[in-house]
Visitor: 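Before I ask anything, let me first share the structure, which is written out below as structure tokens.
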Amino acid sequence: MVSALGTSALMYSCKSDNKQGAQSSESNFEVECDRFADLQVLRYQITGFDELTAQQKELAYYLYEAANCGRDMIYDQKYKHNLTIRRTLEAIFNSYTGEKSGDEWSKFETYAKRVWFSNGVHHHYSNLKFVPECSTTYFESLVKGSDATQLPLDGKTVDVFLAEVKPIIFDPKIGAKSVDLASGIDNVKASANNFYEGVTQAEVESYYASKMKKDDTQPISWGLNSKMVKENGVLAEKVWKSGGMYGPAIDKIVFWLKKAVNVAENDNQKKALSLLVEFYKTGDLKKWDEYNIAWVADVDSRIDVVNGFIEVYGDAIGKRASYESVVSMKDMEATKRIAAIAKEAQWFEDHAPIMAEHKKKEVKGITAKVITVIQEAGDAAPSTPIGINLPNANWIRQQHGSKSVSLGNIVHSYNIVAAKSPMLKEFAENEGQIKRAQEFGALAGDLHTDMHEVIGHASGQINKGVGDPDQTLKNYASTLEEARADLVALYYVLDPKLVEMGIMPSLDCGKAEYDSYIMNGLITQLTRLNIGENLEEAHMRNRQLNAKWAYEMGKKDNVIEFLQRDGKTYVKVNDYEKLRVLFGELLKEIQRVKSEGDYKAATALVEGYGVKVDQELLKEVKERFTKLNVAPYKGFIQPRLVPVMEGEKITDVKVEYPTNFTENMLRLGKEYSTLPNKN
């Protein structure tokens with residue numbers, strides 16, 4: 001499972017710099033890069049890359065290339081017209097002969113950047129379709145003023161092409177939401193993603209119900225790597241594999257993975273990478289499980305990679321997974337903190353406030369580390385997680401273990417800009433909160449992420465006969481899994497055990513995390529919504545669910561209090577110990593819901609506490625937030641790896657740090673365009 005950034009918004013300035021591919025030292029590295037719409041683009045540094053051996057650098061380079069070769073797939077998965085739209089934008093930037101300035105051009109450029117940032121025309125977080133603010137007439141002039149040979153015309157004339165593409169781009173009602181999690185509707189038909197075509201939710205669920213074995217202790221992740229369609233009235237899967245759907249892109253990935261196999265650091269890594277190749281070649285989901293088991297067993301390699309169809313947040317019913325890749329190296333020093341938590345995983349499981357029958361008697365194979373990210377691609381870029389726990393299959397985590405990582409250099413970049421943010425002073429209730437956040441906030445956030453990934457996602461067990469909770473809890477599965485992992489972290493971040501372990505200086509650190517979490521869950525994350533909206537994204541729902549449930553259940557004892565001062569709303573934790581007890585009670589219930597596959601209770605929790613937003617509070621928060629001039633969402637330009645060659649042999653690999661978002665996206669479009677416009 002991937003954990004999203006917990007901080008609602010950060011504030012920083014942007015240095016205008018069109019230089020591409022500049023080398024930067026640690027001391028003068030510029031984190032800030034670009035700002036547009038509600039988005040801010042940052043950079044991260046691969047500290048320590050030069051310390052790697054020549055073989056490790058070569059391995060990293062091959063994995064970097066494999067990651068980028070899947071870029072087209074994430075666009076197509078999110079919406080079947082995304083590749084056509086992206087290539088139209090690229091053609092305009094690369095070949096338009098008119099003036100590239102003025103208000104209309106600026107609006108068009110902002111739209112293009114939003115498409116690149118979100119891997120398509122739907123907002124990366126809200127899932128809502130966004131449209132250009134420039135006029136359709138101006139867009140027509142851009143297309144007609146560009147080189148027709150670079151446009152994705154597919155044999156059409158420019159006029160016919162424009163007639164087809166304009167409504168797809170400019171009409172907000174066409175493909176309105178990439179993922180629609182609303183209750184009481186057909187979530188498959190309502191979602192504009194490219195995971196299904198011509199089928200209903202009931203048909204999909206019935207199809208996979210027939211494949212599930214009730215007492216299967218090693219259930220296959222049915223549907224994970226395919227698109228479901230109806231052909232001649234019969235449901236069929238278009239499998240993503242060599243020779244199948246996305247075959248050209250997957251063949252490129254396989255090409256680079258095979259090279260990586262030849263320079264693997266050890267036999268365990270070689271085995272895992274070889275199995276990943278076999279999975280991509282065959283599309284066999286049993287082979288995917290074999291790969292994940294082998295990947296978990298590789299605990300000694302310095303270089304590591306996540307690559308595949310992994311997270312199911314992009315599918316409203318949680319079956320199909322988006323392509324993503326994260327190439328990384330282990331941060332040897334920073335890993336000590338997170339490894340200490342993993343070492344005590346059994347203690348945390350034994351002392352969890354959940355029912356005894358839902359606890360793991362033996363927590364197996366949890367490995368944890370802080371990583372330095374080398375490259376992110378697919379659904380992990382430009383918007384990135386800050387923590388990862390994989391594999392997702394519950395039975396593999398239970399029987400073989402899991403890997404939990406914190407993305408150290410990503411968090412470092414976020415922390416640099418967080419220090420400049422005016423959000424804390426605007427929304428914190430008192431000076432005590434501010435002082436505690438300034439002293440402990442960064443460590444508290446790191447600990448929350450560590451425990452969320454290491455012991456949160458890896459904790460608990462499913463009752464026999466329940467099957468995969470992603471299937472039984474349907475559109476609520478992702479929200480409840482993230483809520484459960486958050487609650488594990490919240491329950492233990494105020495436990496003296498962390499002080500005894502020497503990884504937390506005092507319980508004030510835990511209190512800082514409680515302040516931050518409650519403020520974010522009840523107030524500051526609302527900055528990401530538009531007036532009239534409710535919560536759709538799984539992580540946002542999870543945070544409000546946890547915070548609002550605790551607020552409602554603690555009303556009698558005034559555990560959490562809303563305050564009004566000078567026309568502004570604030571939230572304050574009055575009793576941290578009682579709040580911890582409440583977090584424990586909710587954790588117990590959510591674990592029960594997951595362990596028993598209780599869909600009715602899941603619906604009541606998410607719809608009752610995690611979805612609806614107080615619109616008057618939202619209006620107030622948006623007004624306060626607008627005055628701060630803060631971008632609520634952040635993402636990253638990825639570094640570029642450049643091999644140093646002697647003949648056909650790679651002797652070294654250098655890192656370049658692009659500084660121009662537009663130029664970098666155009667370069668990626670040229671170098672990693674692997675699929676036709678429609679799949």
Side-chain angles (χ1 to χ4, degrees), residues 36-39 72 74-148 150-180 189-195 197 314 382-383 528-533 536 633 661-662 665-666 669 675-679:
F36 49 90
D38 58 354
L39 306 167
D72 277 1
I74 188 62
Y75 277 86
D76 193 71
Q77 286 179 318
K78 284 179 173 287
Y79 188 43
K80 66 180 180 180
H81 301 294
N82 273 338
L83 286 175
T84 296
I85 294 169
R86 192 195 82 199
R87 286 167 180 157
T88 302
L89 303 178
E90 291 169 348
I92 292 170
F93 272 92
N94 289 324
S95 69
Y96 177 63
T97 56
E99 190 70 28
K100 295 181 180 179
S101 62
D103 183 58
E104 286 279 80
W105 174 262
S106 178
K107 291 176 179 177
F108 167 76
E109 184 178 33
T110 294
Y111 175 74
K113 289 181 178 181
R114 295 187 72 183
V115 170
W116 291 323
F117 191 98
S118 297
N119 296 313
V121 299
H122 296 89
H123 194 281
H124 74 287
Y125 215 82
S126 72
N127 296 314
L128 293 170
K129 183 180 179 181
F130 52 83
V131 299
E133 293 185 5
C134 66
S135 68
T136 56
T137 302
Y138 181 73
F139 176 76
E140 281 186 34
S141 71
L142 294 177
V143 172
K144 291 181 177 180
S146 300
D147 182 355
Q150 295 189 37
L151 291 167
L153 299 179
D154 293 330
K156 306 180 186 74
T157 66
V158 172
D159 286 335
V160 170
F161 171 74
L162 279 169
E164 292 181 357
V165 81
K166 278 193 303 182
I168 294 172
I169 292 176
F170 283 90
D171 189 341
K173 295 179 182 178
I174 296 178
K177 290 176 94 170
S178 60
V179 185
D180 196 328
K189 294 183 71 174
S191 300
N193 58 52
N194 197 24
F195 290 142
E197 194 160 345
S383 180
R528 294 177 162 182
L529 299 181
N530 295 316
I531 303 300
E533 290 180 355
E536 288 283 349
Y633 300 99
F661 184 64
T662 296
M665 292 296 105
L666 292 173
L675 295 176
N677 297 314
K678 293 182 181 180
N679 291 277

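These numbers come from the heavy atoms of this one structure, side chains and all, not from hydrogens, waters or symmetry mates. Position 1 is the first residue of the sequence, and the numbers go up from there.
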Visitor: May I ask you to test the T88-F161 pair for a side-chain heavy-atom distance under 4.5 Å?
Guide: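 In contact.
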
Visitor: How close do L151 and A91 get, heavy atom to heavy atom, and via which atoms?
Guide: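 L151 and A91 have their closest heavy atoms at CD2-CB, 3.7 Å.
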
Visitor: Does R87 pair with D154 as a salt bridge, N-O distance under 4.0 Å?
Guide: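 D154 and R87: not salt-bridged.
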
Visitor: Distance-only, no hydrogens or angles: does the K107 side chain make a donor-acceptor pair with backbone N or O of S135 under 3.5 Å?
Guide: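 No, the answer is negative, given that no donor and acceptor are paired below the 3.5 Å cut-off.
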
Visitor: Just by distance, do the side chain of S191 and the backbone of D180 share a donor-acceptor pair under 3.5 Å?
Guide: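 Yes, the answer is positive, given that a donor and an acceptor are paired below the 3.5 Å cut-off.
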
Visitor: Treating S118 as the side-chain partner and H124 as the backbone partner, does any N or O pair qualify as donor plus acceptor under 3.5 Å?
Guide: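 Side chain of S118 to backbone of H124: a pair is present.
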
Visitor: Quickly, which of V115, N94, T84 forms a side-chain contact (heavy atoms from CB on, under 4.5 Å) with L89? Name it, please.
Guide: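 The option that passes is V115.
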
Visitor: Given 3.5 Å as the limit, does a donor-acceptor pair link the side chain of Y633 with the main chain of R528, or not?
Guide: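 Such a contact is found between Y633 side chain and R528 backbone.
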
Visitor: Is the number of heavy atoms from other residues, nucleotides or ligands within 6.0 Å of NZ (K80) greater than 12?
Guide: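 Open.
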
Visitor: Check whether any side-chain heavy atom of T110 lies under 4.5 Å from a side-chain heavy atom of K113, and answer yes or no.
Guide: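 T110 vs K113: side chains apart.
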
Visitor: Taking all non-hydrogen atoms of both residues into account, name the closest pair between Q150 and S95 and its distance.
Guide: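 Heavy atoms only, the tightest pair is NE2-CB, 3.6 Å.
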
Visitor: Any side-chain to backbone donor/acceptor pair from S106 onto D103? Under 3.5 Å, distance only.
Guide: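 Answer holds: no.
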
Visitor: Which class fits the ring pair H81 and Y79: parallel under 30°, tilted 30 to 60°, perpendicular over 60°?
Guide: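 H81 and Y79: perpendicular rings.
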
Visitor: Got more than 12 heavy atoms from elsewhere within 6.0 Å of CD, E133?
Guide: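 Atom CD in E133 is not packed in, count stays at 12 or less.
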
Visitor: Quick one: does N127's side chain have a donor or acceptor within less than 3.5 Å of a partner on H122's backbone?
Guide: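 Not confirmed, N127 side chain does not pair with H122 backbone.
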
Visitor: Look only at the side chain of N193 and the backbone of G314, and say whether a donor-acceptor pair between them is shorter than 3.5 Å.
Guide: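 Yes: the side chain of N193 pairs with the backbone of G314.
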
Visitor: State plainly whether the residues K678 and D76 are in salt-bridge range, i.e. N to O under 4.0 Å.
Guide: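 So K678 does not pair with D76 through a salt bridge.
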
Visitor: Is the gap between the ring centers of W116 and F93 under 6.0 Å?
Guide: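 For W116 and F93, the ring centres are under 6.0 Å apart.
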
Visitor: Below 4.5 Å, heavy atoms only, C-beta onward: do D159 and K144 meet side chain to side chain?
Guide: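 Yes - at least one pair of side-chain heavy atoms lies under 4.5 Å apart.
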
Visitor: Donor-acceptor pair, distance only, cut-off 3.5 Å: does the side chain of D72 make one with the backbone of L675?
Guide: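 At least one qualifying donor-acceptor pair exists.
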
Visitor: Heavy-atom count around K100 NZ within 6.0 Å, excluding the residue itself: above 12?
Guide: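 Atom NZ in K100 is crowded, with more than 12 foreign heavy atoms closer than 6.0 Å.
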
Visitor: From the options V158, L162, T157, select the one residue that forms a side-chain contact (heavy atoms from CB on, under 4.5 Å) with V160.
Guide: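 Option passing the side-chain contact (heavy atoms from CB on, under 4.5 Å) with V160: T157.
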
Visitor: Answer yes if the ring centres of F117 and Y125 are under 6.0 angstrom apart, and no otherwise.
Guide: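 Ring centres of Y125 and F117 not closer than 6.0 Å.
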
Visitor: So which atom in K129 and which in I169 form the shortest heavy-atom distance, rounded to 0.1 Å?
Guide: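 The pair with the smallest heavy-atom distance is CE-O, 3.8 Å.
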
